[in-house]
Amino acid sequence: MFGIRKGATLKHKNIMIVEDDFMNMRLVQHILESEGCNVTRAANAQEALEQLASFKPDLMLVDIQLPDIDGRVLIKMLKDRPETRHIKILALTACAMKGDREGILRIGCDAYISKPIDIKDFTTTLREFV
Ligand code: MN
C-alpha cells in the first residue's frame, strides 16, 4: 500500500454500504460494482455490525439517517473500536447544511457525500479515499 492517491483504482476493494433507502442503495451498489468493487449491503446499523464479523471492508459508506440508530452513533462506535478504527468511512446524507457537515467530519468520517448522489462526484470522492 502506498497511501491515498488521487485516481486510485476501486477494483477489488471491499466496500460496505449501510443505507436504508432501497433506490439509493441500488444506485450506489451499481456504481461500485461497475468499478469492480466487492460490495456488501446493510439496511441498518445492526446488520452492519453483524456483517463486520465476516466482511472486512476497506471502506464503508454510511447513511446518517438509519432506521435503528443515528448513523453518527454507528460511525463513532466504529471509530472507537480498535478492530474497525482503520476502516475509511464516507457519510451519505441528505442534510447538506454546513453545521451538519462539520459535525459529521468531527466524529471521524473521512468525507461527506450529499444526497441525491452525483455519480461523477461520487466516484471522484471514492477514488480519493480508497
Ligand atoms: Mn436513510
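Keep in mind that the numbers below use all heavy atoms, side chains included, and drop hydrogens, waters and symmetry copies. For ligands, and for the atoms within them, numbers begin at 1 and follow the listed sequence.
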### Query
Hey, mind stepping through Val18 and Met60 against side-chain contact (heavy atoms from CB on, under 4.5 Å) and telling me if it holds?
CA-CA 7 Å; Val18 190; Met60 290 176 71; 3.9 Å; yes

### Message
Please determine whether side-chain contact (heavy atoms from CB on, under 4.5 Å) holds for the pair Arg41 and Arg26, giving the CA-CA distance in whole Å, both sets of side-chain angles, and the decisive distance to 0.1 Å.
### Response
CA-CA 10 Å; Arg41 314 188 309 185; Arg26 290 298 302 268; 3.6 Å; yes

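The two residues Ile15 and Cys37 come nearest to each other via the heavy atoms CD1-SG, 3.6 Å.
A distance of 8.5 Å separates CG in Leu59 from CD1 in Ile89, rounded to the nearest 0.5 Å.
Checked against Leu61 for a side-chain contact (heavy atoms from CB on, under 4.5 Å), the options Val39, Leu92, Asn24 give a single hit: Leu92.
Take a cut-off of 2.8 Å around the Mn ion (ligand 1): the protein N, O or S atoms inside it are Asp20 OD1, Asp63 OD2, Gln65 O.
Using a cut-off of 4.0 Å between Lys/Arg side-chain N and Asp/Glu carboxylate O, Arg127 and Glu35 are scored as salt-bridged.
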